[in-house]
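Worksheet for the structure shown next.
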Amino acid sequence: MNSQVNRALTEEGTLNYQYYISDAGDIMVYERFKDLEASYIHIENWNAHAERWIAAATPTRMVHLGDLPMELREKHAALAPLLLKPLGGFSK
């Protein structure tokens, strides 16, 4: 995790890269990006470390938040991400 966090820190457009853990040991990674280009940079950087990450944790679910373009959604198609579109509220 620490090596992944340190790598993500070098990505200017990565706004959030946070790990959360439940009492039962479930882990969630929250990622947020400045723009679409920043998300692509992060994906390419992550791909270089994917084998190590997958060896440490088996992904079971992915959730996409927002009106994401199909091209970005397709990059994660193998995990069949749930797409949640904006409904209300605000972001600062």
Side-chain angles (χ1 to χ4, degrees):
M1 175 191 75
N2 290 329
S3 66
Q4 296 295 327
V5 170
N6 289 333
R7 178 200 38 79
L9 274 170
T10 68
E11 302 165 352
E12 183 178 322
T14 298
L15 303 177
N16 294 77
Y17 188 75
Q18 300 165 289
Y19 283 71
Y20 295 85
I21 189 166
S22 73
D23 290 341
D26 297 306
I27 296 173
M28 183 190 88
V29 181
Y30 174 71
E31 303 173 353
R32 187 171 68 97
F33 306 97
K34 180 174 94 174
D35 54 25
L36 190 58
E37 180 181 346
S39 70
Y40 289 143
I41 290 169
H42 177 76
I43 290 168
E44 289 306 313
N45 288 337
W46 186 87
N47 284 344
H49 301 271
E51 284 185 33
R52 185 174 174 198
W53 197 95
I54 299 291
T58 303
T60 58
R61 183 172 187 177
M62 178 177 277
V63 178
H64 283 172
L65 303 174
D67 289 319
L68 302 178
M70 186 56 72
E71 180 182 346
L72 178 60
R73 293 168 50 199
E74 287 173 349
K75 289 186 177 286
H76 299 123
L79 290 172
L82 172 65
L83 175 62
L84 297 178
K85 297 178 183 179
L87 179 63
F90 64 91
S91 176
K92 293 184 177 184

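Bear in mind the structure is a predicted one, so any value in this text is a computation, not a measurement.
- M1 is linked by a side-chain contact (heavy atoms from CB on, under 4.5 Å) to V5, Y19, counting only residues two or more places apart in sequence or in another chain.
- Between the CD atom in Q4 and the CG atom in N45 there is a gap of 9.5 Å [rounded to 0.5 Å].
- Taking the salt bridge (Lys or Arg N to Asp or Glu O under 4.0 Å) definition, one finds that R73 meets it with nothing, sequence neighbours left out.
- Sorted by first then second residue, the salt bridge (Lys or Arg N to Asp or Glu O under 4.0 Å) pairs that include residues 18-35, not counting sequence neighbours, number zero.
- A chain of hydrophobic side-chain contacts below 4.5 Å, direct or via other Ile, Leu, Val, Met, Phe, Trp or Tyr residues, connects L68 to Y40.
- For residues 70-92, the ring pair (Phe, Tyr, Trp, His ring centres under 6.0 Å) pairs, not counting sequence neighbours, are H64-H76.
- Here the shortest heavy-atom pairing between P59 and A57 reads CD-O, 3.3 Å.
- The heavy-atom pair separating V63 from L65 by the smallest distance is CG1-CD2, 3.8 Å.
- Note on residues 7-16: pairs passing salt bridge (Lys or Arg N to Asp or Glu O under 4.0 Å), not counting sequence neighbours, are R7-E11.
- Annotation: side chain of W53 is in contact with side chain of V29 (closest heavy-atom distance under 4.5 Å).
- One finds the CG atom of N47 at 7.5 Å from the NZ atom of K75 (value rounded to the nearest 0.5 Å).
- At a threshold of 4.5 Å between non-hydrogen side-chain atoms, the residues Y17 and L9 do not count as touching.
- Listed by chain and residue number, I27 satisfy the side-chain contact (heavy atoms from CB on, under 4.5 Å) test with I21 (two or more places apart in sequence, or in another chain).
- Here the straight-line distance linking atom CG of L84 with atom CG of D67 works out to 11.0 Å at 0.5 Å rounding.
- L79 and L83 fall into different hydrophobic clusters, defined by Ile, Leu, Val, Met, Phe, Trp and Tyr side-chain heavy atoms under 4.5 Å apart, directly or through other members.
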